[in-house]
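Inspection log for the structure reproduced underneath, given as structure tokens.
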Amino acid sequence: ENYNYAVVWPAGSRPNEVVIPEEIGGYSVGEFYGVTGSGGWSVSIPGSVRVIERANFTGGFDSLTNVTVREDTAIATKIEEGAFKDCTSLQSVMLGEGVDEVERWSFNGCTSLQKVVLPHSLRRLGSAAFSPDFDYYANPSELPFLEGDEYNNYYLGDWLVAGESPAHIREGTRGLGDDSMGNAWETPELPEGLEYIGERSCGSMMPYYIPDSVKFIGSFAFGVSFVWFDYSYGGYVPETDENGICYLDGWCFGPASIE
């Protein structure tokens, strides 16, 4: 009764399309550890799965072409670090509503990827989650599933995943992926409607305001030491209290100096 996964076909008999059921023997499928085999194939994972385990497809899955996580808004599903890393034949990833976290490198090294659909339920997108290499979208203009703009910011649906200009985040952006603009040196202009600001996502300067729509701000989203960057590069520093703690629009950012 404590097991939430099962092997559902004998060796050598796997079909071209594998559909994992929501229940096996009356028990909910709550975790997924992957499958093996050769020949082009697709996998459909139920939304009832809470965790798609770390590195469960990594290495040796060069024949997997399509991944679908079916919708289930009652369950929060996390795709762990490197879960589908180096699936070099993977062409499409369809994540249904209910998937709320895609950890770093989840689909890293999937060099054939053409299409990615993210759900509105997503609240965390890890570093280089869909990058074909280990360099955090080193050549994003070459990736067919990303949309670029004139500021060299690149979007995956309503998430910004790689860019150079936090001062020109487009309207309608709902999330900033981890490390999406970590090397930028501009004061961020955060649009209304933005909800999730990932770790190290906005370079090294504080914004002038935080929109009311923001629900989450990751660690080091705006750099490390506000005072140091203000003196050196002219960035904005919010007011601090008598203890030297920075606050901005209801958010606490900790000490204004690391001294």
Side-chain angles (χ1 to χ4, degrees), residues 5 7-9 12-21 29 31-72 77-119 121-122 124-148 154-159 161-162 175 177-180:
Y5 61 95
V7 177
V8 295
W9 59 84
S13 66
R14 177 188 47 74
N16 290 332
E17 182 179 4
V18 176
V19 179
I20 309 299
V29 178
E31 298 185 12
F32 188 62
Y33 290 85
V35 294
T36 62
S38 60
W41 61 286
S42 303
V43 62
S44 176
I45 301 170
S48 60
V49 169
R50 297 182 298 276
V51 177
I52 300 176
E53 290 285 326
R54 176 177 180 176
N56 69 39
F57 283 90
T58 298
F61 292 93
D62 57 357
S63 58
L64 177 64
T65 57
N66 301 284
V67 170
T68 300
V69 179
R70 304 196 297 277
E71 179 174 328
D72 189 338
T77 299
K78 177 172 69 173
I79 301 176
E80 290 192 341
E81 177 180 326
F84 296 90
K85 191 176 186 299
D86 296 329
C87 292
T88 55
S89 293
L90 187 61
Q91 298 176 16
S92 71
V93 175
M94 311 286 286
L95 304 182
E97 292 299 326
V99 175
D100 72 339
E101 184 171 357
V102 178
E103 290 189 346
R104 63 178 183 173
W105 310 323
S106 294
F107 296 87
N108 185 269
C110 298
T111 53
S112 299
L113 200 56
Q114 300 290 311
K115 181 179 181 180
V116 177
V117 176
L118 301 178
S121 57
L122 191 67
R124 178 75 181 275
L125 186 58
S127 302
F130 296 94
S131 176
D133 49 43
F134 214 64
D135 293 330
Y136 302 98
Y137 305 99
N139 298 295
S141 62
E142 300 177 2
L143 303 181
F145 54 89
L146 296 185
E147 178 186 356
Y154 290 85
Y155 298 85
L156 178 50
D158 53 9
W159 281 75
V161 299
D178 291 354
D179 290 295
S180 53

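FYI, side chains are in, hydrogens and waters are out, and symmetry mates aren't considered; it's all heavy atoms of this structure.
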For this session: Apply side chain to side chain contact (heavy atoms under 4.5 Å, CB included) to Leu95 and Leu122, showing your working.
Result: CA-CA 9 Å; Leu95 304 182; Leu122 191 67; 5.8 Å; no
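By the side-chain hydrogen bond (donor to acceptor under 3.5 Å, both in side chains) test, Glu147 pairs with Arg170, sequence neighbours left out. Under the side-chain hydrogen bond (donor to acceptor under 3.5 Å, both in side chains) criterion, Thr68 pairs with no residue at all, not counting sequence neighbours. By the side-chain hydrogen bond (donor to acceptor under 3.5 Å, both in side chains) test, Asp100 is found to be paired with Arg123, residues two or more places apart in sequence or in another chain being considered. Not counting sequence neighbours, the partners of Asp158 by the salt bridge (Lys or Arg N to Asp or Glu O under 4.0 Å) test are Arg174. Every residue meeting the side-chain contact (heavy atoms from CB on, under 4.5 Å) condition with Ser131, not counting sequence neighbours, appears here in chain and number order: Asn108, Ala128, Asp133, Tyr137. Taking Phe130 as the reference, Phe107 meet the ring-ring contact (aromatic ring centres under 6.0 Å, His included) condition, with sequence neighbours excluded.
Residues Gln114 and Pro144 approach most closely at OE1-CG, 3.5 Å, considering heavy atoms. Taking every heavy atom of both residues into account, Pro132 and Leu143 meet most closely at CG-CD2, 3.6 Å. Contact detail for Gly126 and Asp178: the closest heavy-atom pair is CA-OD2, 3.8 Å. For the pair Pro119 and Gly96, the tightest heavy-atom approach, listed with the atom from each and the gap, is CB-O, 3.4 Å.
The main-chain N or O of Thr65 is never found under 3.5 Å from a side-chain atom of Ser89 such that the two would form a donor-acceptor pair.
Counting only heavy atoms from C-beta outward, the side chains of Ser180 and Tyr154 never approach each other to under 4.5 Å.
Just one residue in the list Lys78, Lys85, Arg124 forms a salt bridge (charged side-chain N to carboxylate O under 4.0 Å, His left out) with Glu103, and that residue is Lys78.
Once rounded to the nearest 0.5 Å, the distance linking OH of Tyr136 with CZ of Arg104 reads 6.5 Å. For the atom pair CG (Leu113) and OG1 (Thr88), the distance works out to 11.5 Å, reported to the nearest 0.5 Å. One distance of note links OG of Ser127 with CH2 of Trp105; it measures 7.5 Å at 0.5 Å rounding.
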